S.K.: 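Sharing a structure, written as structure tokens. Questions coming.
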Amino acid sequence: MTKTRVIAALIMAPAAIAAIVLLPTNWLAAAAAVIFLTGLWEWLRLAGIDGLPRTILLTLNLLLMVLLVWAAAGDAALYQLASLIGIIGWVVGLAWLRFPRAGSGQGSGGRMAKLLAGSWAIIPAWAALISLHMQGSSGPLWLLTALATVWAADSGAYFCGRALGKRKLAPTISPNKTWEGLFGGVAAGIVIALVFGQIAGIQAQHLPGLILVALFTTLVSVEGDLIESLLKRQAGAKDSGSLIPGHGGVLDRIDGVLAALPVFAIGKEIAGF
């Protein structure tokens with residue numbers, strides 16, 4: 001499985017990098033919408049929402065994306081506002097990790113909460129992706145920095161956890177995650193953020209800000225991973241899908257990204273790099 005996972009990653013990563021660097025923002029936004037809505041499709045299935053209701057909800061989210069593009073009219077401010085709203089949602093999501101049995105029943109209240117959480121995760125992350133990419137010639141490089149930070153943190157946590165992991169991070173939610181993996185992932189994420197930050201043209205005085213933003217980005221990406229793990233656990237599923245060999249579904253690949261992109265986008269604005 002590790003071999004399959006690596007091969008799949010070696011195929012997906014160059015494709016994603018090429019899209020970020022070569023596509024105009026509008027085309028990238030369209031491609032990302034397809035990926036994110038596929039993730040939402042899997043999220044709703046895990047939440048117990050199938051058939052026509054799921055199709056209607058996906059259509060409504062697509063219309064919300066179109067409305068956001070129309071209202072923004074090429075201005076990043078509205079996308080950044082959506083990103084900030086997303087961060088608030090992930091702060092609230094910490095309570096779900098603190099009380100992981102919440103929403104585990106079959107009642108409509110739990111499904112409704114998961115439905116709203118899915119849209120709250122997808123739309124702001126997509127808006128943050130656009131807001132980063134549209135920032136001039138360096139925009140694609142900063143988006144690539146954000147994604148590379150999350151990818152590095154995920155890979156660092158995976159391999160460091162396998163090699164050194166002993167102390168469980170959240171045994172009732174994701175038994176395979178360890179504190180050693182978390183520390184290894186954070187370290188890998190910060191190092192890669194610094195490397196790609198140099199490529200994006202960051203100035204020396206902004207390096208401490210980049211380190212801080214990378215720290216919070218990697219940490220919140222772990223929350224995104226844990227939230228999805230909790231969603232799968234309550235649904236009795238091992239993976240969100242089977243579309244990607246060795247990686248599960250699309251949601252399994254973008255869970256950390258959904259949480260991390262709004263944090264990186266807003267952190268970049270606050271830090272001023």
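In this chain, residues are counted from 1 in sequence order. Because the structure is predicted, anything quoted here is derived from the model rather than measured.
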S.K.: Identify, with sequence neighbours excluded, every residue that meets ring pair (Phe, Tyr, Trp, His ring centres under 6.0 Å) alongside Phe273.
M.R.: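 Listed in chain order: Trp142.
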
S.K.: When rounded to the nearest 0.5 angstrom, what is the spacing between CG in Leu44 and CD1 in Ile56?
M.R.: 12.0 Å

S.K.: Ignoring hydrogens, what is the shortest heavy-atom contact between Ser131 and Tyr79? Give both atom names and the distance.
M.R.: CB-CB, 3.7 Å

S.K.: Is there a side-chain contact between Leu141 and Phe196, using heavy atoms and a 4.5 Å cut-off?
M.R.: no

S.K.: Side-chain heavy atoms nearer than 4.5 Å, only ILVMFWY residues, links allowed to pass through others: does that put Leu258 and Ile85 together?
M.R.: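 Both belong to a single hydrophobic cluster.
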
S.K.: Please give me the minimum heavy-atom distance between Ala128 and Ala265, naming the atom from each residue.
M.R.: CB-CB, 3.9 Å

S.K.: Strictly distance-based, threshold 3.5 Å: is any side-chain N or O of Trp126 a donor or acceptor partner for the main-chain N or O of Ala32?
M.R.: no

S.K.: CG/Leu63 to CE/Met65 distance, rounded to the nearest 0.5 angstrom?
M.R.: 11.0 Å

S.K.: Please examine the side chains of Gln198 and Leu207, heavy atoms only from C-beta on, and report whether any two atoms are closer than 4.5 Å.
M.R.: yes

S.K.: State the CG-OH distance between Asn176 and Tyr158, to the nearest 0.5 angstrom.
M.R.: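 Here the interatomic distance stands at 9.0 Å.
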
S.K.: Side-chain contact test, heavy atoms from C-beta onward, threshold under 4.5 Å: evaluate it for Asp154 versus Asp225 and give yes or no.
M.R.: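 Yes, at least one pair of side-chain atoms sits under 4.5 Å.
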
S.K.: Which atoms form the tightest heavy-atom contact between Leu261 and Ala125, and what is the distance?
M.R.: CD1-O, 3.6 Å

S.K.: What's the separation between atom CD1 in Ile20 and atom CG in Leu143, rounded to the nearest 0.5 Å?
M.R.: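 Reported to 0.5 Å precision, the distance equals 4.5 Å.
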
S.K.: Considering only heavy atoms from C-beta outward, does the side chain of Gln135 approach that of Glu269 to under 4.5 Å?
M.R.: yes

S.K.: Is it the case that the side chain of Glu223 and the backbone of Val91 share a donor-acceptor pair, with hydrogens and angles ignored and the cut-off at 3.5 Å?
M.R.: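 Looks like no, no N/O pair under 3.5 Å.
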
S.K.: Are the side chain of Glu42 and the backbone N or O of Leu251 linked by a donor-acceptor pair below 3.5 Å?
M.R.: yes

S.K.: Nearest 0.5 Å, please: how far is CD1 in Ile227 from CG in Leu94?
M.R.: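 If I round to the nearest 0.5 Å, the distance is 7.5 Å.
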
S.K.: Does Arg54 reach the main-chain N or O of Trp41 with its side chain, forming a donor-acceptor pair under 3.5 Å?
M.R.: yes

S.K.: Verify, without hydrogens or angle tests, whether Lys232 (side chain) and Lys238 (backbone) share a donor-acceptor contact under 3.5 angstrom.
M.R.: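 At least one qualifying donor-acceptor pair exists.
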
S.K.: Give me the atom names and distance for the closest heavy-atom approach of Ala121 to Trp90.
M.R.: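 Of all heavy-atom pairs spanning Ala121 and Trp90, the closest is CB-CZ2, 3.7 Å.
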
S.K.: Using 0.5 Å steps for rounding, measure from the CZ atom of Phe183 to the OG1 atom of Thr178.
M.R.: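 These two atoms lie 9.5 Å from each other.
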
S.K.: I need the full list of ring pair (Phe, Tyr, Trp, His ring centres under 6.0 Å) pairs touching residues 203-229, with sequence neighbours left out, sorted by first then second residue.
M.R.: none

S.K.: Leu78 and Leu62: same hydrophobic cluster, using ILVMFWY side-chain contacts below 4.5 Å?
M.R.: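 Leu78 clusters together with Leu62.
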
S.K.: Indicate yes or no: at least one non-hydrogen side-chain atom of Leu28 is less than 4.5 angstrom from one of Leu129.
M.R.: yes

S.K.: Is there a continuous path of hydrophobic side-chain contacts, each under 4.5 Å between heavy atoms, that joins Leu46 to Leu116?
M.R.: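 Leu46 clusters together with Leu116.
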
S.K.: Is there a path from Met134 to Leu67 through hydrophobic residues (I, L, V, M, F, W, Y) whose side chains come within less than 4.5 Å of each other?
M.R.: no

S.K.: Is there a donor-acceptor pair under 3.5 Å between the side chain of Trp43 and the backbone N or O of Ser119?
M.R.: no

S.K.: Would you check if Leu169 and Val222 make a side-chain contact, meaning some heavy-atom pair closer than 4.5 Å?
M.R.: yes

S.K.: Test side chain to side chain contact (heavy atoms under 4.5 Å, CB included) on Leu230 and Thr172 and set out the steps.
M.R.: CA-CA 9 Å; Leu230 181 53; Thr172 61; over 6 Å; no

S.K.: Yes or no on side chain to side chain contact (heavy atoms under 4.5 Å, CB included) for Thr145 and Phe264, after CA distance, side-chain angles and deciding distance?
M.R.: CA-CA 9 Å; Thr145 300; Phe264 191 94; 4.0 Å; yes

S.K.: Do any pairs count as a salt bridge (charged side-chain N to carboxylate O under 4.0 Å, His left out) and have a residue in residues 178-197, sequence neighbours left out, and if so which ones?
M.R.: Arg167-Glu180

S.K.: Is the backbone of Ala152 close enough, under 3.5 Å, to the side chain of Ser155 for a donor and an acceptor to pair up by distance?
M.R.: no

S.K.: So if you build clusters from Ile, Leu, Val, Met, Phe, Trp, Tyr with side-chain heavy-atom gaps below 4.5 Å, do Ile270 and Val263 land together?
M.R.: yes

S.K.: Shortest non-hydrogen contact from Gly249 to Ser240?
M.R.: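 Minimum heavy-atom separation between Gly249 and Ser240: CA-OG, 3.4 Å.
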
S.K.: Indicate the atoms forming the closest heavy-atom contact of Ala170 with Leu226, along with that distance.
M.R.: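 Smallest interatomic distance, heavy atoms only, reads CB-CD2, 4.1 Å.
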
